[in-house]
Amino acid sequence: MKKLVEIKDVCKIYNPGENEVRALNHVNLTIGENEFVAIIGQSGSGKSTLMNMIGCLDIPTSGKYYLHGKDVSHMSDDEQSDIRNEEIGFIFQGFNLIQSLTAMENVELPLIYRGIGKRERDRLAEVALNSVGLEKRKNHRPNEMSGGQQQRVAIARAIAQAPPILLADEPTGNLDSSSSKEIIKIIKRLYREGRTVIVITHDSGIAKQAKRIITISDGEIQSDIINPDYKED
Amino acid sequence: MGTIGEYIKSAIASIKNNKGRSFLTMLGIIIGIAAVLTILVIGDGLKAEASGQMSSLETTTIDISIDLSKTDKCFTPANMDAIEQSMNCIYGLSPQITLYGTGKGRKATYSIYLTGGSDVLSHSGSNKILYGRYFTRDDVEASNNVCVISETAAINLFGYVNAIGETIEITSEDMTSEFTVVGVRENTSLDKSYATQVDDKPVLTGDIPYTAAAQAYNYDVNSLFTDVKAYLHEDNKDIAMSKMKSVVENVTGLRGEDAVKVTASYGMDESTKNILSVVTIVIALIASISLIVGGIGVMNIMIVSVTERTREIGIRKSLGARTSSILVQFLAEAAILTFTGGVFGIVLGLFFAKMLCTGIGFTFIVNPILVIIVVGISISVGLFFGIYPANRASKLNPIDALRSE
């Protein structure tokens with residue numbers, strides 16, 4: 001299995017000095033292609049910092065991070081932007097759709113930053129919206145949709161430019177149970193289609209859906225197990 | 001970057017999303033641009049007005065004077081004739097003598113200001129003959145009591161414009177003489193400035209042969225004139241200037257006595273135009289203060305917009321927007337805001353300028369380059385005052401931006 005995410009001895013320290021906070025303390029983690037990983041931890045455990053690190057939103061204080069074999073631990077803002085655009089599809093707890101744009105326009109955003117032309121963008125966005133079952137909602141704005149639908153738009157946006165990694169931060173945190181099931185189902189399907197899916201959550205119910213479960217607390221990885229209860233739906 | 005079009009589109013969308021606020025922000029720019037443009041257009045009109053008469057006919061004059069402290073010779077009909085014979089590059093010479101008094105027509109009596117000169121006075125202004133003719137060299141030589149009066153004078157004295165053949169009785173101090181109207185000409189700027197001169201009544205104007213004016217006062221035309229003007233086409237100015245002094249000295253017999261002075265006069269000349277330009281620019285600069293205030297308004301609203309949309313900026317960055325993408329998006333938003341304001345401002349400014357020009361009586365001239373410059377200014381105001389907020393937006397840290405509400 002090829003290594004996709006390779007985190008080596010990474011520390012992230014806020015407020016260096018007397019009141020320093022070690023959000024990540026010598027973390028080592030490797031995630032290969034086409035894995036379905038849940039990272040579970042309580043709030044303050046460092047899981048958000050780890051997600052920011054994996055998602056190239058943040059850089060480590062020390063240690064190395066190789067993404068797709070490339071050292072991304074000391075990149076400039078713009079280089080990080082390019083990496084995020086090419087490698088990572090984000091799915092957030094609060095959906096993070098732009099309210100003034102339609103579903104279609106939201107899905108097209110990463111494609112615009114990739115520099116893809118209008119016609120190809122439209123095609124890719126429609127494919128992505130179809131795959132989450134929202135072809136009839138493409139011209140709706142976020143406030144005209146339910147939470148579950150909004151999260152599906154966000155998923156379409158995350159997969160539109162076909163990044164190897166899907167990074168989902170509490171993807172069902174703002175949803176009722178039936179919408180949650182639906183979203184989990186879509187996420188599992190995306191994994192089966194060959195993507196690497198990383199879900200960050202504090203909810204063990206969600207974490208149990210994943211094939212590999214990594215537990216983090218106090219900035220350190222406590223356990224990293226293959227989920228014996230994993231079901232292929 | 002073919003994606004600039006996309007940034008502009010999203011900038012327009014965000015302006016549309018806040019129509020009321022965008023309009024209020026634009027208002028500052030609209031007023032500023034309208035004020036600047038109005039002043040510049042009126043300034044152009046003023047310049048055109050001021051430089052109007054002489055330059056429009058391309059006629060210019062040369063002043064020739066004899067210094068009385070050095071000689072007792074002066075210009076006479078005979079020596080003026082001789083000078084004209086030797087100088088075929090000029091239309092002719094004319095002395096000037098004014099006859100001022102009351103003029104009595106068939107309908108009413110008014111103060112009247114008659115300019116006595118030779119027939120070449122007809123070259124002096126842009127005032128065209130409406131009816132009849134200008135007086136001729138024959139009228140001058142025969143001291144005929146004929147006159148060419150302005151349109152206003154004809155209407156006031158006789159009640160109608162085509163007053164050819166009518167008689168005006170001119171009284172000045174203890175002399176009275178009668179002049180026959182042979183021509184009616186358009187009003188000149190003199191008529192405009194004399195419009196309400198005496199007791200709210202106009203002072204009327206007209207032209208008469210200088211010989212007739214001298215005769216009315218009982219003056220001798222052979223010992224009256226130390227100054228004359230040569231009227232000529234602008235193109236002949238250099239050649240006339242080079243010959244004039246020696247010709248006059250030869251004809252008058254004043255060679256070597258340093259008594260003849262020749263000065264070229266300029267119609268409404270370059271220095272006057274320059275002063276008007278400076279005045280216009282200074283006023284326009286004062287007006288542009290409102291543009292700066294408008295620009296600060298744009299900056300203010302852009303800062304608000306950036307703050308409100310911090311989360312959106314975070315989302316865009318997480319999806320791969322570079323610093324420059326965010327910068328361009330917000331700069332485009334500011335520039336489109338001021339450009340739109342500028343377009344409205346131009347429409348408003350031209351409207352005001354048109355009204356004012358019509359009111360004052362200036363010609364309404366719109367220089368297309370001026371409009372292009374004003375459009376450029378409005379865009380630059382947006383770019384300049386957009387830099388700070390856009391830069392602030394583009395430098396936001398995506399993690400913090402995503403966390404904000």
Side-chain angles (χ1 to χ4, degrees), chain A residues 12 14 23 48-49 51-53 55-59 75-102 105-121 141-142 153-154 157-161 163 167 169, chain B residues 1-22 302 304-330 332-333 336-337 390-405:
Chain A
K12 182 70 190 180
Y14 296 109
S48 292
T49 307
M51 187 206 87
N52 289 340
M53 207 64 70
C56 285
L57 289 164
D58 209 345
I59 50 170
M75 283 192 149
S76 72
D77 284 356
D78 281 352
E79 286 168 327
Q80 281 191 316
S81 287
D82 289 349
I83 291 282
R84 284 197 295 272
N85 185 266
E86 285 160 27
E87 304 281 351
I88 295 153
F90 286 97
I91 301 165
F92 300 96
Q93 176 176 11
F95 321 136
N96 277 348
L97 299 175
I98 294 176
Q99 297 297 320
S100 58
L101 302 181
T102 64
E105 288 165 339
N106 266 292
V107 174
E108 285 187 18
L109 274 179
L111 304 171
I112 289 175
Y113 294 124
R114 180 72 73 88
I116 295 172
K118 173 76 180 150
R119 188 170 302 173
E120 177 67 359
R121 236 161 45 210
R141 289 179 200 281
V153 174
R157 181 178 66 187
I159 61 175
Q161 95 284 32
L167 198 53
D169 180 16
Chain B
M1 284 227 293
T3 41
I4 283 187
E6 299 301 326
Y7 305 152
I8 290 174
K9 235 160 74 185
S10 72
I12 292 172
S14 114
I15 290 170
K16 277 189 184 160
N17 276 332
N18 281 307
K19 281 199 194 76
R21 193 166 85 185
S22 302
M302 289 306 295
V304 171
S305 179
V306 168
T307 310
E308 278 179 355
R309 284 150 70 196
T310 302
R311 195 180 181 85
E312 174 188 327
I313 295 161
I315 296 168
R316 288 178 183 272
K317 281 207 145 179
S318 74
L319 297 176
R322 291 186 176 187
T323 313
S324 60
S325 316
I326 305 289
L327 192 75
V328 170
Q329 185 190 337
F330 280 89
E333 198 169 318
I336 289 169
L337 211 55
N391 192 39
R392 208 158 112 158
S394 69
K395 292 278 159 60
L396 281 173
N397 173 349
I399 301 171
D400 299 335
L402 278 171
R403 218 176 273 144
S404 86
E405 277 317 305

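Predicted model, so just to flag it, every value in this text is computed and none were measured. Just so we're on the same page: letters track the sequence lines, and every chain starts at 1.
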Exercise. Between Ala13(B) and chain A, which part of the residue has a heavy atom less than 4.5 Å away: side chain, backbone, both or neither?
Worked result: neither
Exercise. Between Tyr113(A) and Ser325(B), which heavy-atom pair has the shortest distance, and what is it?
Worked result: CE2-CB, 3.8 Å
Exercise. CD of Glu105(A) to NZ of Lys9(B): how many Å apart, nearest 0.5 Å?
Worked result: 7.5 Å
Exercise. At a heavy-atom separation under 4.5 Å, does Leu97(A) approach chain B through its side chain, its backbone, both, or neither?
Worked result: backbone
Problem set entry | Region of Asn96(A) in contact with chain B, defined by heavy-atom distances below 4.5 Å | both
Problem set entry | Spacing of Leu101(A) atom CG and Glu312(B) atom CD [to the nearest 0.5 Å] | 6.5 Å
Exercise. Got a second to check how far Leu402(B)'s CG is from Leu57(A)'s CG, nearest 0.5 Å?
Worked result: 6.5 Å
For this session: Could you tell me whether the side chain of Arg84(A) and the main chain of Lys317(B) form a donor-acceptor pair under 3.5 Å?
Result: yes
Exercise. What is the distance from atom CD1 of Ile399(B) to atom CG of Asn52(A), rounded to the nearest 0.5 Å?
Worked result: 4.0 Å
Seminar exercise, completed: Between Ala321(B) and Ser81(A), the two heavy atoms sitting closest are O-OG, 2.9 Å
Exercise. Ile98(A) pairs by side-chain contact (heavy atoms from CB on, under 4.5 Å) with which of Arg316(B), Arg309(B), Arg311(B)?
Worked result: Arg316(B)
Problem set entry | Gap between atom CZ of Arg322(B) and atom CD of Glu79(A) - 0.5 Å precision | 8.5 Å
For this session: Would you give the length of the straight line joining atom CD of Gln161(A) to atom CG of Leu319(B), rounded to the nearest 0.5 angstrom?
Result: 8.0 Å
